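Working notes, beginning with the structure itself.
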Number of protein chains: 2
Amino acid sequence: MEEPGGSERGRAGKPARRHVVAAAVRLFDGAGYEATTMDGIAAASGVSRRSLFRHFGSKEDILFAEHDELFETVTRYLEATPGDDPAATVCAAARMVFQAYVDVPEITVPRYRLVRAVPRLRDREIAMTARYQGAFSRYLARGETTGPRVLAGEALAASVIAAHNHVLRSWLHDPDQPVPWARFDRAMEFVTRSLGAMLRSSGQTAAAGESPRDTVLVAVYPSSTGGTDVLRRVSEALGEGPG
Amino acid sequence: MEEPGGSERGRAGKPARRHVVAAAVRLFDGAGYEATTMDGIAAASGVSRRSLFRHFGSKEDILFAEHDELFETVTRYLEATPGDDPAATVCAAARMVFQAYVDVPEITVPRYRLVRAVPRLRDREIAMTARYQGAFSRYLARGETTGPRVLAGEALAASVIAAHNHVLRSWLHDPDQPVPWARFDRAMEFVTRSLGAMLRSSGQTAAAGESPRDTVLVAVYPSSTGGTDVLRRVSEALGEGPG
DNA sequence: CATAATTAGGCACGCAGTGCCAAAACGAAG
DNA sequence: CTTCGTTTTGGCACTGCGTGCCTAATTATG
């Protein structure tokens, strides 16, 4: 029964944890999530049932244990990064999450299968991504609790999460394909392009005065603005920026 | 012949359902969610424990029962609405959800308190909104399963949900205030303005050919595009549209 | 080696959720 | 009103998650 420090030596930290997670994933994958009991996981991993609950709290949490650690890493990253370019920072954070997924396909791929099959786990996964979204929103709001900037931040956070999930899902469907980093970056650029500019000056014209020269140009006008007026404003904006 | 999880049975005219929900909310509010047992709800509402599970499936589902009905209403609305202006349709659907919330504050307000206090219920609420987001994404994708339009649709759906939640939360904090319909519509306009146009022709030039005359004009170009080239393209796009 | 502190294991309990079967309400003939 | 078939409801027992409590093992410390 007792096998202390014998078989699987992962790396520094807690190898026992990983060992339990691997055993649980194997059982879930084989017999199904609902059919696998905590007693079964305890027997397969060599840990007592009581200790399982002590360390992971619940059956679901065994699957999402390292996801929690990742979330803490990301939040620490956000706290440590000054808000020079909040949109870019949030995209970088999303990139960290994406990287963490593709780094351990032996965990994330079977988990994805389970998440799609079991509604309870699906809700749990969604709740996890919602936590990221909340952290992103808070970072983008930068202390403000009201005003249009908050809305813009929440919309951008939601879009960044959506874009992340979009690319991640496509990779999870085909984990043998090369990791689509380019598609990921393009997706991030897509959402940043439209909503990121709104963050700076929320609402009317985003290009005038502070056009981002090495990324893109975004021009937004109310429909009430006449066509010639739009053309004039674009011309002005381009006149200030470089060619 | 019982249906596990199938929570819709009586369509209209089931006062017993509402009665049970009201009793449960009262108990949750008084003694806390965890401390309230199904036996207690059964005793307080006058139905047997077994029938509680039969009709609602789980303890959580008692709180979110009518939320499920609302979701079906919304999906039916989407299915019945042709995709003339998908972004506007999705915003209208979000408006239906918002309306359903503010229509029954005696349910939604105490539920909001519970959701904020109990992590389990919070996850459930998030999962509910995710279902809406999925339905919106599917509607915006219009059958396509790949390509940039899908990404744009998912980002827009996520933003619409975020905007909806943003305004809804502010009202839930102060339900005695008048319902902020204007703020809701402005929030929807905000996210539609930036991402909605992307939906039509995703990525490069959004205005050419089918400029939305009664909403907004959004023009997006890569930074590599020369300024004069941008000006020329905008001019072309405006030449086709109205002045 | 002795002792205090931390950690794991064993045990029992509460409660959500389910399957099964019996009792009751319902509805349509006769 | 009675009788039969259907549908709904209630009662009971059972599985399994999650927890509190206590004891045993392990480790740290003097």
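Everything quoted here is computed from the prediction, not taken from an experiment. Here is the naming used below: chain letters follow the sequence lines, and residue numbers restart at 1 for every chain.
A 4.5 Å side-chain heavy-atom check between A:F28 and A:R113 finds every atom pair outside the cut-off. A 4.5 Å side-chain heavy-atom check between B:F136 and B:L78 finds at least one atom pair inside the cut-off. Proximity of A:R54 to A:S48: side-chain heavy atoms (C-beta onward) are nowhere separated by under 4.5 Å. With a 4.5 Å cut-off on side-chain heavy atoms, A:W181 and A:F98 count as touching. B:M188 has its side chain out of reach of B:V167: every pair of non-hydrogen atoms, C-beta onward, lies at least 4.5 Å apart.
Comment: A:E125 does not engage A:R120 in a salt bridge, judged by the lack of any side-chain N to carboxylate O separation of less than 4.0 angstrom. The existence of a salt bridge linking A:E154 and B:R169 is confirmed by a sub-4.0 Å separation between a basic side-chain nitrogen and an acidic carboxylate oxygen. A salt bridge does not link B:R131 with A:D123: none of the charged nitrogens is closer than 4.0 Å to a carboxylate oxygen.
Rounded to a whole Å, the CG atom of A:L52 is 17 Å from the P atom of C:dC11. Computed from coordinates, the A:M38 CE to C:dG9 C1' distance equals 15 Å when rounded to whole Å. We find that CZ of A:F53 is positioned 8 Å from C1' of D:dG16, with the value rounded to whole Å. Straight-line distance from the CZ atom of A:R49 to the C1' atom of C:dG9: 12 Å, rounded to whole Å. Residue A:F56 contributes atom CZ, which lies 15 Å from atom P of D:dC17 at whole-angstrom precision. As rounded to whole Å, 9 Å separates atom P of D:dC17 from atom CZ of A:F28. The separation between A:I41 atom CD1 and D:dC17 atom C1' is 11 Å, rounded to whole Å. The interatomic distance linking A:L27 (CG) with D:dC17 (P) rounds to 12 Å, in whole Å.
Taking only side-chain nitrogens and oxygens, A:S48 comes nearer than 4.0 Å to OP1 or OP2 of C:dG9. The side chain of A:H55 contributes an N or O atom lying less than 4.0 Å from OP1 or OP2 of C:dA8. A close approach under 4.0 Å does not occur between any side-chain nitrogen or oxygen of B:T37 and OP1 or OP2 of C:dC15.
Axis angle, first five pairs versus last five pairs of the helix from C:dC1-D:dG30 to C:dG30-D:dC1: 10°, rounded to 10°.
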(request) Just do the ring-ring contact (aromatic ring centres under 6.0 Å, His included) check on A:H164 and A:Y132 with the steps written out, would you? (result) CA-CA 11 Å; A:H164 167 275; A:Y132 287 107; 7.7 Å; no
(message) For B:E69 and B:R17: C-alpha separation, side-chain torsions, deciding distance, then whether salt bridge (charged side-chain N to carboxylate O under 4.0 Å, His left out) applies.
(response) CA-CA 12 Å; B:E69 304 169 11; B:R17 249 179 117 81; 3.7 Å; yes
(request) Apply the test side-chain hydrogen bond (donor to acceptor under 3.5 Å, both in side chains) to residues B:H67 and B:Y101: give CA-CA distance (whole Å), side-chain angles for both, the deciding distance (0.1 Å), then the verdict. (result) CA-CA 9 Å; B:H67 216 308; B:Y101 264 86; 2.8 Å; yes
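Both tests hold for B:R142 against B:Y139: distance to the six-membered ring centre under 6.0 Å, angle to the ring axis within 45°.
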Interface polar pairs with nucleotides 21-25 of chain C, N/O, under 3.5 angstrom:
none

Which atoms of nucleotides 4-6 of chain C (N or O only) lie under 3.5 Å from a protein N or O atom, and what are those distances?
none

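Remark: nothing in residues 57-65 of chain A comes within less than 4.0 Å of DNA chain C through any heavy atom.
On a pure distance criterion of 3.5 Å, no polar donor-acceptor pair joins the side chain of B:R50 and the base of C:dG17.
For B:R18, the salt bridge (Lys or Arg N to Asp or Glu O under 4.0 Å) criterion is met by B:E66, not counting sequence neighbours.
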Residues 37-47 of chain A, side-chain donor-acceptor partners within the protein, below 3.5 Å, at least two apart:
from, atom 1, to, atom 2, distance (Å)
A:T37, OG1, A:D39, N, 3.4
A:T37, OG1, A:G40, N, 3.0
A:S45, OG, A:I41, O, 2.7

